[in-house]
Every structure is written in structure tokens, then in C-alpha cells.
**Q** 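Could you have a look at this structure, given as C-alpha cells, before my questions?
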Amino acid sequence: MSSILKVDEIQNTGGTSAVSIDSNGVVNLSNTVMYDTYRLTSDFTSNGTMTAWEKPDDPLCVTVGDSMSVSSGIFTFPRTGVYRVAFYAMIDSAAADSLTAVELQGTVNNSSYDLIVYVREGGSADVDYGTLYGEAVINISDVSNRKVKLVASSVGTGSIINGHTDESQTYISFQYLAPAQ
């Protein structure tokens, strides 16, 4: 004997929606999807934490699920979990600059930061235009103390990490993958 269960939403015991099913049969597991992006709004020409971040405002760009928060260049996660953090940077390295680097740094105590990913672009006889890409999968078991930031290092005179308020020339993205480990 078979039976059919017809529901639009399944809630947990606290009354919040855990699963919803639309009229086309599409299942939404609300707390399993999260993707957020920030872009650097202006050129960065010195060593240090990159602080000028904004969400892209192109009408096709969206945040899916929860949103990250950023203050003074430090990104805070909306909830615990395992996240994929990826970044892309456009670099103009001056001829005299042997390299320009971008570092993804993280903290587990909201104080001291450690290097997670280090990528670099080197200068040549003329200005060298390049792109950098870095990615890490990180465990955020405590949203108060575990955070990340992007740091520019070895930026010589005349070198630029490109930023723009209308284009995502340098950006960072966050994707929720699984519960915290």
C-alpha cells in the first residue's frame, strides 16, 4: 500500500522553516545555501589590510542566503560552518617592484592573524599587469572569534591592487559548504 504526503513546508520544533517545497516541486533547504561577494571599491597602493569593500550593486548580482559582514576590512561570518573563501585580484606591478602579493589571513581568537593563502605577481622591465587567485576551505566553529581579512604585502612604489566601485576588479567571495567540523 502506498500513501502520499502533501505538504508545503516542514518546520523544526522551534517553529522555523526547515524545508519548503514550491508548486513546481523545487525543494529549498533554507540553511544549506549561502553565497556572498564583496569587491574592493578603490585602488590599494600600500601594504596592509584592504578596507574599502562593498557588495556589487549590479542588478544581476545577489547575495544568496545569509550575508557576511565587514568592518575595517575584517569579515565576520553569519553562522558557524565550513566555508569556501575565494579571492581574485587585478595587479599592476611597477617595473621596480619585484612582486606584489595578496594574503588571506585568518584568526581563531579575534586578535592574532595567521597566513592562510599567499599569492603574488612580479614586476618586469615595464609595468606588469597580472591577476591573482587564491582559495581556501575554512572551519568557522565560533563566529565571534574566527574571522578573515585580505592583506596587501610587498606593494612597491607605483604598484596597484586595482579596485573600482562599478566593476569587480578585486573581490572576495564566501560560500557555505557544510556544518562546522
Side-chain angles (χ1 to χ4, degrees), residues 9-20 26-42 44 46-58 60-91 100-121 131-155 161-163 165 168-181:
E9 183 177 302
I10 298 173
Q11 294 184 346
N12 70 17
T13 56
T16 59
S17 179
V19 177
S20 64
V26 176
V27 177
N28 178 14
L29 303 169
S30 60
N31 286 329
T32 63
V33 179
M34 181 267 183
Y35 189 87
D36 202 4
T37 302
Y38 285 80
R39 68 174 165 216
L40 192 63
T41 61
S42 58
F44 201 79
S46 62
N47 296 328
T49 302
M50 294 183 231
T51 58
W53 298 101
E54 72 174 4
K55 289 179 181 264
D57 52 7
D58 182 286
L60 293 175
C61 296
V62 297
T63 296
V64 178
D66 295 330
S67 184
M68 297 290 294
S69 60
V70 61
S71 177
S72 301
I74 297 171
F75 290 93
T76 301
F77 294 83
R79 59 187 159 116
T80 61
V82 174
Y83 288 83
R84 175 183 171 261
V85 180
F87 63 93
Y88 174 89
M90 285 179 57
I91 305 290
T100 301
V102 175
E103 304 171 3
L104 176 66
Q105 295 184 3
T107 180
V108 295
N109 61 12
N110 198 25
S111 179
S112 59
Y113 281 80
D114 293 321
L115 180 65
I116 299 171
V117 176
Y118 175 84
V119 290
R120 67 182 185 172
E121 167 64 27
T131 56
L132 303 175
Y133 177 80
E135 179 178 323
V137 174
I138 60 175
N139 186 37
I140 302 299
S141 58
D142 176 355
V143 296
S144 297
N145 290 305
R146 293 184 174 223
K147 302 175 183 196
V148 296
K149 63 182 178 179
L150 282 183
V151 176
S153 64
S154 300
V155 180
I161 299 171
N162 299 111
T165 190
S168 294
Q169 295 179 353
T170 297
Y171 61 89
I172 186 168
S173 63
F174 304 87
Q175 180 182 13
Y176 175 86
L177 298 175
Q181 303 294 302

**Q** Any luck finding a side-chain donor-acceptor pair between Glu54 and Thr165 under 3.5 Å?
**A** yes
**Q** Would you mind checking if Arg39 and Asp57 are paired as a salt bridge, meaning a charged N to carboxylate O distance below 4.0 Å?
**A** yes
**Q** Should the pair Arg79 and Tyr176 be classed as cation-pi, given the thresholds of under 6.0 Å to the six-membered ring centre and 45° from the axis?
**A** yes
**Q** Residues two or more places apart in sequence or in another chain: which of them pass side chain to side chain contact (heavy atoms under 4.5 Å, CB included) with Gln105?
**A** Glu103, Tyr113, Lys149, Val151
**Q** Tell me whether Gln181 contacts the main-chain N or O of Pro179 through its side chain, where contact means a donor paired with an acceptor under 3.5 Å.
**A** yes
**Q** We want to know whether Asn109 and Thr107 form a side-chain donor-acceptor pair, criterion being a heavy-atom distance below 3.5 angstrom.
**A** yes
**Q** Just to verify, which of Val148, Ile138, Asp66, Thr37 counts as forming a side-chain contact (heavy atoms from CB on, under 4.5 Å) with Phe174?
**A** Val148
**Q** Listed by chain and number, what are the side-chain hydrogen bond (donor to acceptor under 3.5 Å, both in side chains) partners of Asn145, not counting sequence neighbours?
**A** Asp142
**Q** Kindly give the heavy-atom pair with the smallest separation between Ala180 and Ser141, and that separation in Å.
**A** CB-CA, 4.0 Å
**Q** Please report the shortest heavy-atom distance between Val143 and Thr80, naming the atom on each side.
**A** CG1-N, 3.6 Å
**Q** For the residue pair Thr63 and Asp36, confirm or rule out a side-chain donor-acceptor distance under 3.5 Å.
**A** yes
**Q** State the CD1-CG distance between Ile161 and Leu40, to the nearest 0.5 angstrom.
**A** 8.0 Å
**Q** Determine yes or no for a side-chain-to-main-chain donor-acceptor pair under 3.5 angstrom, with Thr170 supplying the side chain and Asn162 the backbone.
**A** yes
